[in-house]
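Just so it is clear, the model here is predicted, and its values are computed rather than measured. Note that these values count all heavy atoms, side chains included, but never hydrogens, waters or copies made by symmetry. Convention: sequence-line order gives letters A, B, ...; per-chain numbering from 1.
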Amino acid sequence: MAENNTSLDCNIDWNSDDDREIDNYGLPSSSTLTAAPSNGGSSGSGEGSSSSPGSNFELIQHFVGMGFPEKQVAQVIDELGDKNHNLVLETLLTYSALENSPKQPNDIQVSEEVQRDLSVQELQPVQSDHSSADYCANSFDEFSDVDSPARDVETPSSDEDDKLLFLAGMGYSVDEASIAIERCGPDSTLEELTDFICAAQMARASDIHFIELDEKKLNLGSLSKLKRRKNQDCDAWKKKKHRCEEEDELIRLPKPMIGYGVPTESNEIVHRTIPEAAKGPPYFYYENVALAPTGVWNTISRFLYDIEPEFVDSKFFCACARKRGYIHNLPIENRFPLVPLPPFTIHEAFPLTKKWWPAWDKRTKLNCLQTSIGSAKMTERIRKALEECGDDDPPLHVQKYVLDLCRKWNLVWVGKNKLAPLEPDEFETLLGFPKNHTRGGGISRTDRYKSLGNSFQVDTVAYHLSVLKDMYPEGINVLSLFSGIGGAEIALHRLGIPLKAVVEVEISEANRNIMRSWWEQTNQRGTLIDIADVQQVDADKLSELIDLIGGFDLVIGGSPCNNLAGSNRVSRDGLEGKESALFYDYFRILDLVKTIMGSRSVRY
DNA sequence: TTAAAGATGAATAGGATG
DNA sequence: CATCCTATTCATCTTTAA
């Protein structure tokens with residue numbers, strides 16, 4: 001991640017096969033061609049790369065040529081410097097969007113944070129620095145007119161002062177703390193405030209790719225330490241204030257975890273209102289693990305236009321559990337499930353296990369499929385333990401020992417006293433993928449488990465996406481971020497929604513190969529463009545793509561969960577974690593797409 | 001060199017109990 | 001209310017084998 005080892009390879013592929021249920025809406029047939037990587041003055045250069053010095057005039061003209069006022073361009077470049085072209089463009093786009101429509105403060109939050117954080121002497125560990133007067137020294141005032149409604153002229157309550165003092169005591173600067181309070185509102189909880197500050201720090205960290213590796217480690221290490229300390233301090237705060245109002249501010253998981261409803265059970269909530277700024281098109285759909293560290297979903301929701309997450313456990317769709325949160329702006333009326341319905345219980349999914357399944361194993365659903373499986377040595381230990389018990393039911397303590405391991409590793413009974421982990425193709429079936437979807441192409445068995453464990457449950461996602469079918473009978477254009485092995489695309493395809501164009505962004509070459517292989521095997525007629533790294537998707541690239549395919553109808557993706565997932569013993573660092581921080585790229589790209597398409601709504 | 005196996009808990013939620 | 005118990009979890013790293 002420190003360096004982008006893959007160049008932009010955008011293979012535009014027009015398939016000319018024509019024996020499938022999807023009719024021809026394809027572009028004129030041609031052989032595979034490769035789109036030229038954008039190489040203009042302002043693109044292709046990652047955050048860290050520097051432009052040639054003294055090219056400010058050219059740079060300004062470049063943006064003026066894109067239609068921005070020269071004065072504004074000059075000012076922004078003055079503010080941000082001429083190194084980070086993407087950021088400059090994003091900021092300009094944000095401004096133009098703000099001028100067009102008064103939007104909620106959230107929309108400019110990131111840009112502000114990012115730009116504030118560009119001045120980074122304080123890469124040094126923050127914890128011991130209680131003063132940090134140099135932090136936040138740069139301009140913030142230019143922006144004070146865009147988002148300060150009348151509310152912030154009220155006198156600070158004592159509670160506010162209390163929070164301020166507390167944050168300062170945690171090592172945050174007073175500026176930092178007061179800005180956080182101002183942004184999050186006077187009623188904000190301490191978690192919200194610290195999350196806000198952490199988000200700022202995250203944005204800063206993600207913007208510094210050019211620092212030395214050891215420095216980076218130091219920085220990230222200090223961040224994670226900071227986060228841990230933050231949580232401890234929050235606990236202290238909670239104890240201090242006993243049960244205060246922030247408890248109900250925290251997003252809680254519903255029980256049962258059925259979101260706005262599943263095919264078998266419906267929820268009381270049948271309607272919801274979506275904030276104006278979040279309304280589609282483009283529609284978007286974001287996914288991540290439900291059981292993330294405390295406060296993570298609050299942050300994610302805050303960035304994604306304050307839409308409440310829909311938490312759903314896939315055990316209501318298939319034979320395995322998968323507790324996930326989804327934030328989307330799709331309608332929730334008239335959803336329908338994929339057919340044929342997948343096996344709903346373990347016995348339905350694996351009929352052969354029934355013969356060996358002991359009565360004292362009451363499981364009917366498997367737990368979440370993860371990225372690795374149980375070892376053979378463990379199942380052998382279990383077998384020996386069971387054989388010592390003879391033919392009768394084993395004693396309760398042995399039953400408990402076995403069942404604990406069964407639940408932990410998702411073992412199934414494949415013979416007398418014989419347990420085994422699931423095969424990769426059984427993963428595929430449970431998750432709604434075609435059998436052998438991840439097989440072949442040089443991918444190892446280990447990597448198949450990894451890719452499958454990280455993917456969507458297709459039936460679950462398809463249920464949510466089903467509302468798109470009537471809306472786009474001619475097919476849709478999809479921007480698929482963190483595509484993995486293509487769960488979103490398969491869901492849409494199985495729903496019978498034609499895929500006119502798919503731009504997939506996926507770092508793993510093996511996964512991209514799986515996806516392209518599926519694309520060809522299913523005789524897709526649309527266009528598949530693959531990009532390796534989300535960090536290469538900047539405003540220029542998006543503009544180019546939007547011009548090429550005519551705008552996106554759906555932006556879908558689940559950002560990396562490994563720093564959020566409970567199975568991670570090593571680096572469960574939350575949203576600031578190395579990979580999970582890419583959530584902010586999801587938001588960045590989604591917001592860019594909205595802005596660019598909004599500015600061209602006349603044409604599209 | 002690569003694939004597979006094996007070892008490695010903590011965070012979080014919810015329920016029961018007193 | 002605190003305390004204890006049960007249950008779950010899109011993983012990472014090192015060693016070993018091929």
Side-chain angles (χ1 to χ4, degrees), chain A residues 191 224 227-228 230-232 234-235 238-239 242-243 247 250-257 286-297 311-315 318 320-326 362-363 365-381 400-401 403-410 420-424 427-428 430-433 438 442-458 460-461 482-485 487-488 508 510-511 557-574 577-580 582-583:
Chain A
E191 269 100 344
S224 56
K227 172 77 173 185
R228 270 192 276 277
K230 188 204 89 173
N231 284 337
Q232 288 165 10
C234 279
D235 288 344
K238 273 183 202 167
K239 278 172 187 161
H242 281 301
R243 46 172 163 83
E247 293 290 341
L250 266 183
I251 291 177
R252 306 200 77 83
L253 302 175
K255 232 186 74 174
M257 200 184 280
Y286 174 80
E287 177 260 8
N288 215 319
V289 289
L291 284 78
T294 309
V296 164
W297 274 107
F311 291 106
V312 183
D313 189 338
S314 292
K315 75 178 181 183
C318 66
C320 63
R322 211 168 184 78
K323 299 174 181 63
R324 297 293 181 268
Y326 307 88
K362 305 289 187 190
R363 290 177 297 156
K365 299 278 186 183
L366 294 166
N367 279 335
C368 183
L369 305 187
Q370 301 191 224
T371 55
S372 56
I373 60 167
S375 69
K377 186 175 277 185
M378 175 193 53
T379 59
E380 183 63 7
R381 277 196 301 265
K400 176 169 168 48
Y401 162 73
L403 285 177
D404 282 349
L405 288 172
C406 282
R407 278 191 277 257
K408 184 171 186 177
W409 293 105
N410 268 331
L422 298 178
E423 295 293 315
F427 268 46
E428 289 165 344
L430 286 167
L431 292 173
F433 290 89
T438 59
I443 189 173
S444 72
R445 185 181 161 89
T446 307
D447 284 342
R448 287 181 74 187
Y449 282 118
K450 188 170 181 180
S451 291
L452 286 161
N454 280 307
S455 81
F456 286 164
Q457 206 288 322
V458 172
T460 311
V461 172
F482 315 104
S483 313
I485 55 176
S508 155
N511 284 348
S559 61
C561 68
N562 52 347
N563 303 124
L564 310 178
S567 307
N568 191 337
R569 284 120 145 112
V570 181
S571 53
R572 196 185 186 187
D573 299 330
K578 193 180 174 198
E579 286 83 21
S580 293
L582 292 173
F583 158 73

Listed nucleotide nearest any side-chain atom of [X], set [options]:
{"X": "A/Ser444", "options": "B/dA4, C/dT9, C/dC13", "result": "B/dA4"}
{"X": "A/Asn454", "options": "B/dG15, C/dC10, C/dA11", "result": "C/dC10"}
{"X": "A/Glu287", "options": "C/dT8, C/dA11, C/dC10", "result": "C/dC10"}
{"X": "A/Asp404", "options": "C/dA7, C/dA11, C/dT8", "result": "C/dA7"}
{"X": "A/Arg252", "options": "B/dA11, B/dG14, C/dA11", "result": "B/dG14"}

[atom1] of [X] versus [atom2] of [N]: gap in Å, rounded?
{"X": "A/Lys362", "N": "C/dA7", "atom1": "NZ", "atom2": "P", "value": "15 Å"}
{"X": "A/Met257", "N": "C/dC10", "atom1": "CE", "atom2": "C1'", "value": "14 Å"}
{"X": "A/Leu430", "N": "C/dC10", "atom1": "CG", "atom2": "C1'", "value": "14 Å"}
{"X": "A/Asp447", "N": "C/dA11", "atom1": "CG", "atom2": "C1'", "value": "14 Å"}
{"X": "A/Trp297", "N": "C/dC10", "atom1": "CH2", "atom2": "C1'", "value": "12 Å"}
{"X": "A/Trp409", "N": "B/dT8", "atom1": "CH2", "atom2": "P", "value": "12 Å"}
{"X": "A/Leu253", "N": "C/dA7", "atom1": "CG", "atom2": "P", "value": "19 Å"}
{"X": "A/Glu579", "N": "C/dA11", "atom1": "CD", "atom2": "C1'", "value": "11 Å"}

If the [atom1] atom of [N] is compared with that of [M], how far apart are they to the nearest Å?
{"N": "C/dC10", "M": "B/dG14", "atom1": "C1'", "result": "23 Å"}
{"N": "C/dT6", "M": "B/dG9", "atom1": "C1'", "result": "16 Å"}
{"N": "C/dT9", "M": "B/dT8", "atom1": "C1'", "result": "15 Å"}

- May I ask which nucleotide in the shown strands pairs with B/dG9, Watson-Crick or G-U wobble, both distances under 3.5 Å? none

Counting C-beta onward and ignoring hydrogens, is there a side-chain heavy-atom pair between [X] and [Y] closer than 4.5 Å?
{"X": "A/Leu452", "Y": "A/Glu428", "result": "yes"}
{"X": "A/Leu422", "Y": "A/Leu430", "result": "yes"}
{"X": "A/Pro293", "Y": "A/Arg572", "result": "yes"}

Considering just the side-chain nitrogens and oxygens of [X], establish if one lies under 4.0 Å of OP1 or OP2 belonging to [N].
{"X": "A/Lys323", "N": "C/dT9", "value": "yes"}
{"X": "A/Gln370", "N": "C/dC10", "value": "no"}
{"X": "A/Asn563", "N": "C/dA11", "value": "no"}
{"X": "A/Lys400", "N": "C/dA7", "value": "yes"}
{"X": "A/Arg569", "N": "B/dA7", "value": "no"}
{"X": "A/Asn568", "N": "C/dT9", "value": "no"}
{"X": "A/Thr446", "N": "B/dA3", "value": "no"}
{"X": "A/Lys255", "N": "B/dG15", "value": "yes"}

- Assess the side chains of A/Ser451 and A/Thr438: does a donor N or O sit below 3.5 Å from an acceptor N or O? no

- Close aromatic pair by centroid cut-off 6.0 Å: A/Tyr449 and A/Phe427: yes

So what does [X] touch, heavy atoms closer than 4.0 Å: a base, only the sugar-phosphate, or nothing?
{"X": "A/Lys377", "value": "sugar-phosphate"}
{"X": "A/Ser375", "value": "sugar-phosphate"}
{"X": "A/Arg322", "value": "base"}
{"X": "A/Ser559", "value": "base"}
{"X": "A/Cys561", "value": "base"}

- Assign each of A/Gly566 and A/Asn562 the nucleotide of DNA chain C bearing its closest heavy atom; nearer the 5' end lies the nucleotide of A/Gly566

- Query: Ignoring hydrogens and angles, are the base of C/dC10 and the side chain of A/Arg324 linked by a donor-acceptor pair under 3.5 Å?
  - Reply: yes

- Between A/Asp404 and A/Lys408, is the closest basic N to carboxylate O distance under 4.0 Å? no

- In short, A/Arg407 meets A/Asn367 closest at the heavy-atom pair O-ND2, 3.0 Å

- Residue mapping more 5' on DNA chain B - nearest nucleotide basis, A/Gly374 or A/Ala565: A/Gly374

